[in-house]
Chemist: 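Below you will find the structure I want to go over with you.
Predicted model, so just to flag it, every value in this text is computed and none were measured. Whatever order the structure lists ligands and atoms in, that order sets their numbers, starting from 1. Numbering starts at 1 and runs along the sequence shown.
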Amino acid sequence: MSTKNISYIAIISIMFILLTQGYLVYDYFQTVRFALIRESDAILKEAFRNELNQRNTYYVNSMQQDSIKFDRNDAAGENVMDFDMRKTGMDEESILNKLDIMLHVFLSELIPIDIQKIDSVTGQILINRNINSEYLIQLVNPKNNEVLASSKDLSGGSFFVIPSQLYPLDFEEKEALQLILINPFSEIMKRMGLMLFGSIIFSIISLLAFRFLIQTLAKQKKLVKFKNEFLSNIAHELKRPVASLIVNLDCLKEPDFYNNERMREMMLNNSLNSLTELNGTISMIVGLAKVEEGLLVLNKLPVNLVKLIEDLKNRFVSSPAKRVTLNMHFDSPEVIISADGLMLTQCFANLIDNSIKYSKQEVTIDISVLVHATTVELNFKDTGIGIPADKIDNIFEKYSRVDNNVKMNGFGIGLNYVKTIIEKHGGTIGVISELGVGSDFTIVLPKK
Ligand code: ADP
């Protein structure tokens with residue numbers, strides 16, 4: 001399956017997960033809201049009955065007439081609860097409601113309803129039930145929902161309210177009571193907390209997993225692109241010396257060239273250089289692969305660095321495209337250290353090759369070998385295009401190339417190879433460079 005299709009599937013899956021989570025949270029919120037409405041109904045009823053009883057007691061006390069007391073006994077003094085409820089078709093609660101309404105209608109002529117009292121009783125019930133919310137009690141016209149009286153002023157604003165059902169106060173539907181919970185967020189959070197927390201954590205984990213997947217896919221895509229570029233670069237890098245070899249050998253087949261001693265020598269030299277370059281590139285690729293697998297072994301022998309560098313000179317001064325000047329300075333005609341000569345040659349050749357590659361039409365390269373007590377210091381200084389300061393730290397990394405408008409062959413492993421080999425020898429490499437002025441690579445190697 002292509003990375004594009006995997007991305008689409010991942011996007012659809014994450015959207016489905018987030019939508020499902022959103023729906024579950026909303027559904028649970030509605031359940032909590034309905035539960036709060038049901039509780040508000042019960043609280044309002046309890047508060048109203050409490051206030052009604054207080055009015056009733058007050059009325060009875062003030063009248064000093066027990067006989068008028070309207071305590072759920074009918075006029076004949078029989079308890080209403082003795083009715084056969086199955087005959088009325090009503091349950092006990094609705095009979096009680098009706099009795100409350102009758103008592104209220106009777107009493108309200110003499111002692112009007114006190115919604116402030118209902119408010120304070122409601123507050124107490126809310127505290128007892130551990131419900132944390134602002135609230136108010138209002139008297140409403142059930143026909144048009146007009147608010148007739150309110151226990152508190154809602155001018156402070158309410159972002160979100162949970163109203164109870166209307167509790168009728170008469171049989172003609174003129175007045176009804178209502179409890180309103182104002183901005184009950186903390187109560188809702190308390191009830192939804194665990195579910196919300198779980199849902200948020202699950203969503204975050206899903207989003208992180210999604211991000212990781214997308215990043216991995218992007219990396220993989222980059223890797224495939226990089227692999228293709230790398231292979232085509234390598235192919236190009238290998239083809240170049242082979243092509244030059246073919247041209248030189250082809251010419252040598254011609255008697256005119258072959259019999260001309262100067263031409264013959266030049267072409268043989270060119271062929272040899274092409275083969276050396278080919279060998280160097282292959283050694284570098286193999287060497288780095290070996291380093292990665294931990295299989296690189298140095299074949300250390302006494303090496304004369306002066307001879308090794310002088311031998312390289314011929315290979316580069318004959319560069320056909322540019323004017324190359326190679327200056328050499330050696331502290332001594334023989335600087336012997338214990339090293340892998342073949343690998344060091346490859347490293348130095350790389351540095352010189354880079355100095356020529358990353359320069360304009362003309363370049364001067366100063367190579368010096370300085371002998372210290374226990375180390376040898378080598379400098380490769382050129383008058384090339386230089387390296388930008390912000391890129392200089394990366395140039396020794398594998399596959400790192402500087403985009404410097406100079407389209408050059410290469411695939412960014414040369415300096416990494418040099419650094420790896422020098423460090424394998426127990427040495428160090430560093431560079432100082434100035435854009436437009438040149439670069440100066442310094443290698444320090446132990447003598448032994
Ligand atoms: P490659 O030459 O294949 O790009 P290297 O690892 O040899 O890979 O070099 C990495 C980068 O460092 C090059 O792309 C080049 O931009 C920069 N560089 C290396 N040597 C020099 C130099 N002497 N002068 C300027 N830039 C250099």
Chemist: Could you name the option among Ile387, Asn354, Ile413 that has the heavy atom nearest to atom 20 (N) of ligand 1?
Modeler: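 Ranked by closest heavy atom to atom 20 (N) of ligand 1, first place is Asn354.
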Chemist: Are any of the N or O atoms of Asn350 closer than 3.5 Å to those of ligand 1?
Modeler: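 No, Asn350 has no N/O under 3.5 Å of an N/O on ligand 1.
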Chemist: For the pair Phe48 and Tyr167, name the ring-plane relationship: parallel under 30°, tilted 30 to 60°, perpendicular over 60°.
Modeler: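 Tilted: the ring planes of Phe48 and Tyr167 meet at 30° to 60°.
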Chemist: Cut-off 3.5 Å, no hydrogens considered: what does the side-chain donor-acceptor table look like for residues 423-431, sequence neighbours left out?
Modeler:
from   : atom 1 : to     : atom 2 : distance (Å)
Glu423 : OE2    : Lys419 : NZ     : 3.0
His425 : ND1    : Ile421 : O      : 2.9
His425 : NE2    : Asp340 : N      : 3.0

Chemist: In ligand 1, which numbered atoms sit nearer than 4.0 Å to a non-hydrogen atom of Gly414?
Modeler: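 Atoms satisfying the 4.0 Å criterion: 5 (P), 6 (O), 7 (O).
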Chemist: Looking at ligand 1, does Gly412 have a heavy atom less than 4.0 Å from it?
Modeler: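 Contact present.
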Chemist: Indicate the ring-plane relationship of Phe396 and Phe441, choosing parallel, tilted or perpendicular according to the 30° and 60° boundaries.
Modeler: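 Answer is perpendicular, since the angle exceeds 60°.
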Chemist: Please tabulate, for the side chains in residues 205-219, all donor-acceptor contacts under 3.5 angstrom to protein atoms that are two or more places apart in sequence or on a different chain.
Modeler:
from   : atom 1 : to     : atom 2 : distance (Å)
Ser206 : OG     : Phe202 : O      : 2.8
Thr216 : OG1    : Phe212 : O      : 2.6

Chemist: Looking only at atom types and distance, does a side-chain atom of Gln178 sit under 3.5 Å from a main-chain N or O of Leu166, one as donor and one as acceptor?
Modeler: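 No, Gln178 side chain to Leu166 backbone: no donor-acceptor pair under 3.5 Å.
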Chemist: Is there a donor-acceptor contact under 3.5 Å linking the side chains of Asn269 and Arg264?
Modeler: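 There is no such pair (donor and acceptor under 3.5 Å, judged by atom type) between the side chains of Asn269 and Arg264.
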Chemist: Would you check whether Phe441 reaches within less than 4.0 Å of ligand 1, judged by its heavy atoms?
Modeler: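 Yes, Phe441 has heavy atoms under 4.0 Å from ligand 1.
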Chemist: Under a 4.0 angstrom heavy-atom cut-off, which atoms of ligand 1 come close to Ile395?
Modeler: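 Heavy-atom distances to Ile395 below 4.0 Å select 12 (O).
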Chemist: Quick check on Lys391 - does any of its heavy atoms sit under 4.0 Å from an atom of ligand 1?
Modeler: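 Outside the 4.0 Å threshold, so no.
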